[in-house]
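In what follows, a single structure is set out as structure tokens and then discussed.
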Amino acid sequence: MAPSRNVWINIYQGDKASYEEVFVYYFGRYCNYGKKFTDNITLIEDAAQETMLAIWNKREVIPSIEKIAAYFYTSYRFILFNKLKQVKLTVGEDQIQDDPQFSIDQIIVKNELDAELKSRLKTALANLTDRQREAIFLKFYEGLSYDEIATL
């Protein structure tokens, strides 16, 4: 059950037991939410911990927040996206998921489209001549330029 308004008031007053209750309640939820944006568990958990620390450090603003859960989910999302941006800058954008999936329907449709595309690609490759398949291999697996392939 979501923390009551009294729990938030207790946190505002510095009650660590109430904070622990909120921490336990939200930490797993933040991690599940974070999986919609990335598979990097370390990053997800770091963002969740930072959000929970922010709750404690900014507890004096809690009484002025009308929709506490929405406020802290927004905070989590902001922290997670900042971490994702940092990782993109240091690791490279090709290693970060840019298209988060939010529902099982979207995942199923994407998987079906991927399977259809793979099937069409296999059919197209099967219709190529041996030399055409060789050229594709040299280009995409060996990284040769078009001029180098033409020379071969």
Side-chain angles (χ1 to χ4, degrees), residues 1-126 133 135-146 148:
M1 178 185 291
S4 69
R5 187 75 180 160
N6 290 338
V7 171
W8 291 108
I9 291 170
N10 291 344
I11 291 173
Y12 166 72
Q13 295 171 346
D15 180 33
K16 291 182 181 178
S18 294
Y19 173 72
E20 182 180 342
E21 180 183 333
V22 169
F23 188 99
V24 169
Y25 179 81
Y26 277 105
F27 187 82
R29 285 169 173 76
Y30 286 154
C31 291
N32 285 336
Y33 182 57
K35 289 176 186 175
K36 307 287 189 234
F37 305 103
T38 182
D39 293 329
N40 187 331
I41 299 299
T42 304
L43 199 70
I44 291 168
E45 289 177 352
D46 285 350
Q49 288 179 355
E50 280 186 39
T51 304
M52 296 309 299
L53 185 60
I55 290 171
W56 182 255
N57 290 337
K58 297 181 180 186
R59 64 186 180 275
E60 62 275 357
V61 301
I62 288 174
S64 64
I65 302 170
E66 288 186 34
K67 299 187 184 224
I68 293 173
Y71 176 82
F72 287 117
Y73 270 104
T74 301
S75 298
Y76 173 73
R77 190 174 191 269
F78 179 77
I79 290 169
L80 179 63
F81 281 15
N82 279 339
K83 287 187 165 298
L84 286 170
K85 286 178 190 175
Q86 290 171 355
V87 170
K88 281 184 183 181
L89 294 175
T90 58
V91 175
E93 291 189 21
D94 59 329
Q95 296 179 3
I96 302 296
Q97 180 179 342
D98 286 329
D99 184 24
Q101 300 293 320
F102 289 100
S103 73
I104 192 67
D105 295 339
Q106 289 174 321
I107 293 170
I108 291 170
V109 169
K110 183 181 182 306
N111 288 342
E112 288 175 357
L113 290 174
D114 287 348
E116 180 183 342
L117 185 59
K118 284 180 186 177
S119 173
R120 292 174 62 194
L121 184 58
K122 282 182 183 180
T123 302
L125 288 172
R133 277 195 293 276
I136 288 175
F137 174 81
L138 293 171
K139 174 66 179 163
F140 295 103
Y141 289 97
E142 297 298 322
L144 298 180
S145 70
Y146 291 115
E148 292 170 322

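Worth saying up front: this structure is predicted, and the values here are computed from it rather than measured.
Interatomic distance, Ile44 CD1 to Asn32 CG, rounded to the nearest 0.5 Å: 9.0 Å. A distance of 11.0 Å separates CD1 in Ile11 from CD in Glu20, rounded to the nearest 0.5 Å. Summarising the geometry, atom CG belonging to Leu80 is positioned 7.0 Å from atom CZ belonging to Phe37; distances are rounded to the nearest 0.5 Å.
Heavy-atom neighbours of Glu148 CD from other residues, nucleotides or ligands within 6.0 Å: above the threshold of 12.
With Ser119 contributing its side chain and Ala115 its backbone, the two residues share no donor-acceptor pair below 3.5 Å. With Arg120 contributing its side chain and Leu117 its backbone, the two residues share no donor-acceptor pair below 3.5 Å.
Shown here are the side-chain contact (heavy atoms from CB on, under 4.5 Å) partners of Leu53, two or more places apart in sequence or in another chain: Asn57. Take Tyr30 and apply the ring-ring contact (aromatic ring centres under 6.0 Å, His included) test, not counting sequence neighbours, and it matches Tyr26, Tyr73, Tyr76. The side chain to side chain donor-acceptor pair (under 3.5 Å) search around Thr123 returns none, not counting sequence neighbours. The ring-ring contact (aromatic ring centres under 6.0 Å, His included) check on Phe78 picks up nothing, with sequence neighbours excluded. For the side-chain contact (heavy atoms from CB on, under 4.5 Å) test, residues two or more places apart in sequence or in another chain that qualify with Phe23 are Tyr19, Phe27, Met52.
Taking every heavy atom of both residues into account, Cys31 and Glu45 meet most closely at SG-CG, 3.9 Å. Closest non-hydrogen pair, Leu125 versus Ile136, comes out as CD2-CD1, 3.9 Å. Residue Leu43 comes nearest to Lys83 through the heavy atom pair CD1-CB, 3.6 Å, listed as atom of the first residue, atom of the second, then distance. The two residues Ile79 and Thr51 make their nearest non-hydrogen contact at CD1-OG1, 3.4 Å. Residue Ser18 comes nearest to Asn10 through the heavy atom pair OG-CB, 3.2 Å, listed as atom of the first residue, atom of the second, then distance.
The stretch residues 7-19 participates, sequence neighbours left out, in no salt bridge (Lys or Arg N to Asp or Glu O under 4.0 Å) pair at all.
Between Thr42 and Asp46, some side-chain heavy-atom pair lies under the 4.5 Å cut-off. Looking at Ile108 and Asn111, their side chains never come closer than 4.5 Å, going by heavy atoms from C-beta outward.
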